[in-house]
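One structure is given below, encoded as structure tokens.
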Amino acid sequence: MIDHRALIDDPQGILAQLRRRGIDSATVDDLTRLVETRREAIQRVEKMRHDLKVTSGEVQQKAKSGDMEAVDSARAQLKSLKAEIKDGEDLQQKVEVELENRILTVPNLPQSSVPDGPDESHNRVERTVGAPTQFDFEPKPHWEVAEKLGILDFERATKMSGSRFAVYFGAGARLERALINFMLDVAAENGYTEVLPPILVRREAMLGAGQYPKFIGESFETLDNEYALIPTAEVPLANLHRDEIIPEDKLPLRYAAFTPCFRREAGAAGKDTRGLIRQHQFNKVELFSYTTPEQSIDEHERLTDNAEEILRRLELPYQVISLCTGDLGFTSSKTYDIEVWLPAQNRYREISSCSNCLDFQARRAHIRCRSTDGDKKAKPRLVHTLNGSGLAVGRTVVAILENYQCADGSVVIPKALVPYFGGDRIALPAQ
RNA sequence: GGAGCGAUGGCCGAGUUGGUCGAAGGCGCUUGACUCGAAAUCAAGUGUGCCGCAAGGCACCGGGGGUUCGAAUCCCUCUCGCUCCGCCA
């Protein structure tokens with residue numbers, strides 16, 4: 001959620017930044033008007049409440065002195081004031097609800113270093129690491145590799161769950177598990193505290209993380225609508241410090257969480273229907289940082305590098321791109337996508353997305369920090385939050401199966417993963 | 001699932017015949033005095049948000065709603081916690 005104070009202080013500045021994301025001036029004008037209406041409503045109500053308070057005290061004095069006639073007439077008078085206040089409060093609440101509803105649909109302001117552009121074709125490649133894997137045979141898509149090895153079964157998954165699900169068998173299940181452990185260990189080395197959070201959360205948690213109300217249609221909920229299945233561990237991690245004031249010397253706080261993630265993929269009908277790329281349920285290790293406002297720009301680079309480190313250690317070729325304003329996620333002020341090379345698709349595909357939300361999530365979730373050195377009178381400030389996949393596990397399996405496949409159909413296990421996997425190759429099953 | 005009890009400031013804990021209570025007291029913390037320094041002692045200060053240029057004002061005693069001129073205090077409801085019973089692992 002953007003800062004509504006800023007709409008009064010610098011509406012032109014806000015408009016200029018939101019324009020880059022395709023928000024028109026009418027929207028900003030509406031919001032600014034609402035903010036001002038709200039202010040007027042508050043001032044009117046507070047004035048009346050003040051009068052009520054003072055006069056109410058006088059009633060007590062009169063009652064004490066036994067002047068019951070004066071008490072009765074004051075009561076009648078206050079009763080009508082009370083009714084006026086009630087009307088004023090209703091109006092104020094109406095304005096505030098409307099402002100809230102409107103402002104919740106406004107995306108975060110992009111950082112100046114974010115490239116402009118309407119769609120992904122304007123994303124900027126920041127760096128490329130490694131070169132596309134070379135083969136002396138035609139590399140197969142991962143689902144063919146996997147089915148031949150007997151480690152992934154998409155058809156049987158439909159028996160219990162329908163499309164966009166997979167069953168892992170044997171070495172496949174083991175590979176997924178090895179990757180999870182490997183990623184969590186690397187995260188721990190980099191200073192992240194491991195967290196195993198609930199994956200069923202209340203709607204307020206979805207709101208706090210910025211998923212709701214915008215993406216209600218993307219989520220799975222329980223039948224009573226009491227709980228939502230998390231679409232990413234970002235949701236529980238962003239709510240971890242709800243309503244807290246964190247001493248600044250504790251920041252940055254870094255967390256890594258392995259969780260399953262659940263997404264309807266409502267807008268993706270027909271896309272990536274084969275294989276592990278786009279599933280309703282997938283595993284992910286998520287990295288999350290809470291920082292002071294001063295730290296977040298640097299932390300964004302660090303967090304992205306921590307995610308890249310997984311690919312470097314697995315010796316998988318990748319590139320890092322900076323999303324343009326039109327491709328930026330709702331809550332993000334700047335996002336780096338890490339894309340891994342997939343030989344069978346002959347292109348790079350997203351395997352991680354690292355975003356700096358600045359104070360956008362913190363404002364909704366009431367997460368603040370306070371200076372710890374000297375200045376005890378310092379006002380609490382909103383923290384900055386950052387998140388990134390480190391990495392999407394299923395897609396990492398895809399990348400390994402495709403990049404490490406051999407002509408005979410077997411798959412080599414990346415060296416860094418051998419101790420976790422307990423072997424250096426997935427061989428074809430004996431006939 | 002049934003019955004009962006509870007939720008107050010960083011922590012502990014008063015306040016529940018409604019009235020000046022943002023809230024006693026203690027602890028903790030900050031600053032000052034004393035001290036070579038520390039401890040002890042003494043004094044003062046010590047929540048958050050919103051509106052306001054400011055002075056100041058308004059709100060908040062788990063969340064929401066109600067009664068009343070006036071509610072931390074009364075009523076309803078939700079969430080969370082504890083105790084007992086039942087049920088399940």
Side-chain angles (χ1 to χ4, degrees), chain A residues 1-11 31-101 103 197-198 200-208 212 221-222 224-228 236 239-251 359 361-383:
Chain A
M1 184 168 68
I2 62 167
D3 181 9
H4 71 247
R5 294 284 325 180
L7 285 165
I8 290 182
D9 298 340
D10 182 22
L31 281 170
T32 307
R33 202 172 313 120
L34 276 169
V35 173
E36 261 154 21
T37 308
R38 166 180 174 273
R39 168 159 57 178
E40 288 157 16
I42 287 173
Q43 285 169 1
R44 196 166 47 243
V45 169
E46 289 193 350
K47 165 88 173 61
M48 288 191 288
R49 270 207 286 253
H50 179 66
D51 292 347
L52 178 74
K53 216 169 168 176
V54 171
T55 319
S56 220
E58 289 167 11
V59 170
Q60 191 198 156
Q61 296 308 317
K62 285 171 186 158
K64 265 187 185 159
S65 65
D67 186 354
M68 292 321 287
E69 266 179 47
V71 169
D72 286 343
S73 77
R75 271 189 186 161
Q77 194 190 327
L78 284 175
K79 198 152 191 166
S80 72
L81 176 58
K82 188 64 192 295
E84 260 185 84
I85 291 174
K86 181 84 180 124
D87 289 347
E89 283 173 342
D90 289 347
L91 185 69
Q92 179 191 338
Q93 201 191 3
K94 208 180 120 214
V95 173
E96 287 190 327
V97 166
E98 192 178 345
L99 174 62
E100 171 116 333
N101 288 341
I103 210 163
L200 235 38
V201 298
R202 288 188 191 287
R203 293 181 139 217
E204 304 90 85
M206 295 289 272
L207 270 167
Y212 282 8
E221 290 191 355
T222 55
D224 53 12
N225 295 113
E226 195 169 352
Y227 298 106
N239 282 278
L240 215 47
H241 292 288
R242 262 275 288 266
D243 301 315
E244 287 184 32
I245 299 176
I246 304 166
E248 281 185 16
D249 58 7
K250 290 209 176 140
L251 298 174
D359 60 14
Q361 285 176 327
R363 182 168 294 109
R364 247 225 54 81
H366 307 295
I367 308 164
R368 291 163 295 171
C369 60
R370 190 192 332 250
S371 166
T372 35
D373 45 59
D375 192 5
K376 288 296 169 191
K377 291 187 294 276
K379 282 274 166 209
R381 305 185 291 164
L382 292 167
V383 299

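Proteins come first, then strands; the chains are lettered A, B, ... in the order of their sequence lines, and each starts at number 1.
Rounding to whole angstrom units, CD of residue A:E244 and P of B:C11 are separated by 12 Å. Note: CD (A:E84) to C1' (B:C69) measures 15 Å, nearest angstrom. In this structure, CD1 of A:I245 is placed 10 Å from C1' of B:G49, rounded to the nearest angstrom. B:G64 atom C1' lies 12 Å from atom CD of A:E204, rounded to whole Å. Residue A:Q92 contributes atom CD, which lies 10 Å from atom C1' of B:A59 at whole-angstrom precision. When rounded to the nearest whole Å, the span between CD of A:Q93 and P of B:C58 equals 21 Å. One interatomic measurement links the two molecules: NE2 of A:H4 to P of B:C50, which rounds to 7 Å at whole-angstrom precision. Between the CD1 atom of A:I85 and the P atom of B:G66 there is a distance of 14 Å, given to the nearest Å.
Taking the C1' atoms as reference points, B:G32 lies 32 Å from B:G57, given to the whole Å. Look at the C1' atom in both B:U41 and B:U79: the space between them is 47 Å, to the nearest Å. Rounded to a whole angstrom, the distance from the P atom of B:C78 to that of B:C5 is 16 Å. Taking atom P on both nucleotides, B:A89 is separated from B:A3 by 25 Å, rounded to a whole Å. Taking atom P on both nucleotides, B:A14 is separated from B:G6 by 13 Å, rounded to a whole Å. As rounded to the nearest Å, B:C69 and B:U20 have C1' atoms that lie 15 Å from one another. B:G13 and B:C51 are spaced 36 Å apart, taking the P atom of each and rounding to whole Å. Remark: the separation of the C1' atoms in B:U30 and B:G10 is 13 Å, to the nearest Å.
Pairing for B:C36 is absent, judged as Watson-Crick or G-U wobble with the two contacts each under 3.5 Å. Pairing partner, B:C84: B:G2, with both Watson-Crick or wobble hydrogen-bond distances short of 3.5 Å. When both distances must be under 3.5 Å, the Watson-Crick or G-U wobble mate of B:A14 does not exist. When Watson-Crick and G-U wobble pairs are counted only if both distances are under 3.5 Å, B:A55 pairs with no nucleotide at all. Across all strands shown, B:U79 pairs with B:A7; the Watson-Crick or G-U wobble distances both stay below 3.5 Å. In this entry B:G19 has B:C69 as its Watson-Crick or G-U wobble partner, both defining distances falling under 3.5 Å. Pairing partner, B:A43: B:U31, with both Watson-Crick or wobble hydrogen-bond distances short of 3.5 Å.
Among the heavy atoms of the strands lying under 4.0 Å from A:R49 are primed sugar atoms or P, OP1, OP2 only; no base atom is included. Across all strands shown, A:K79 has heavy atoms under 4.0 Å from sugar-phosphate atoms exclusively, and none from any base. Within the nucleic acid shown, A:L81 has no heavy atom closer than 4.0 Å to any nucleic acid atom. If you check every strand for non-hydrogen atoms under 4.0 Å, A:R202 touches sugar and phosphate atoms only. As judged by a 4.0 angstrom heavy-atom cut-off over every strand, A:K53 is placed among residues touching the sugar-phosphate backbone only.
Between A:H50 and A:K86, the residue whose closest nucleotide on RNA chain B is further toward the 5' end is A:H50. Each of A:I8 and A:D51 was matched to the nucleotide of RNA chain B holding its nearest heavy atom; the match closer to the 5' end belongs to A:I8.
Distances from the side chain of A:Q43 to the nucleotides B:G49, B:C51, B:G70 place B:C51 closest. Considering only side-chain atoms of A:E46, the nucleotide from B:C51, B:C69, B:U48 that sits closest is B:C51. Considering only side-chain atoms of A:R370, the nucleotide from B:G47, B:U68, B:C50 that sits closest is B:G47. Picking from B:C51, B:G70, B:U48 the nucleotide with the shortest atom distance to the side chain of A:P380 gives B:U48.
Between the CD atom of A:E221 and the CG atom of A:L200 there is a distance of 10.0 Å, given to the nearest 0.5 Å.
A close approach under 4.0 Å does not occur between any side-chain nitrogen or oxygen of A:R38 and OP1 or OP2 of B:C50. Taking only side-chain nitrogens and oxygens, A:K47 never comes nearer than 4.0 Å to OP1 or OP2 of B:C51. At least one side-chain nitrogen or oxygen of A:R5 sits closer than 4.0 Å to the OP1 or OP2 atom of B:C51. Listed pair A:K82 / B:G70 meets the phosphate criterion, a side-chain N or O lying under 4.0 Å from OP1 or OP2.
When all heavy atoms of A:P198 and A:V201 are compared, the closest pair comes out as O-CG1, 4.3 Å. Nearest heavy-atom pair across A:I2 and A:R363 is C-NH1, 3.4 Å.
With respect to A:R364 and A:E100, a salt bridge is recorded, a charged nitrogen being found less than 4.0 Å from a carboxylate O. Contact check on A:D90 versus A:K86 returns a salt bridge, with a Lys/Arg side-chain nitrogen under 4.0 Å from an Asp/Glu carboxylate oxygen.
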Step by step, would you call A:Q92 with A:I42 a side chain to side chain contact (heavy atoms under 4.5 Å, CB included)? CA-CA 6 Å; A:Q92 179 191 338; A:I42 287 173; 3.5 Å; yes
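A donor-acceptor pair under 3.5 Å is absent between the side-chain atoms of A:D359 and the main chain of A:L382, judged by distance alone.
Under a cut-off of 6.0 angstrom, the local environment of CD in A:E36 is crowded, with over 12 non-hydrogen atoms contributed by other residues, nucleotides or ligands.
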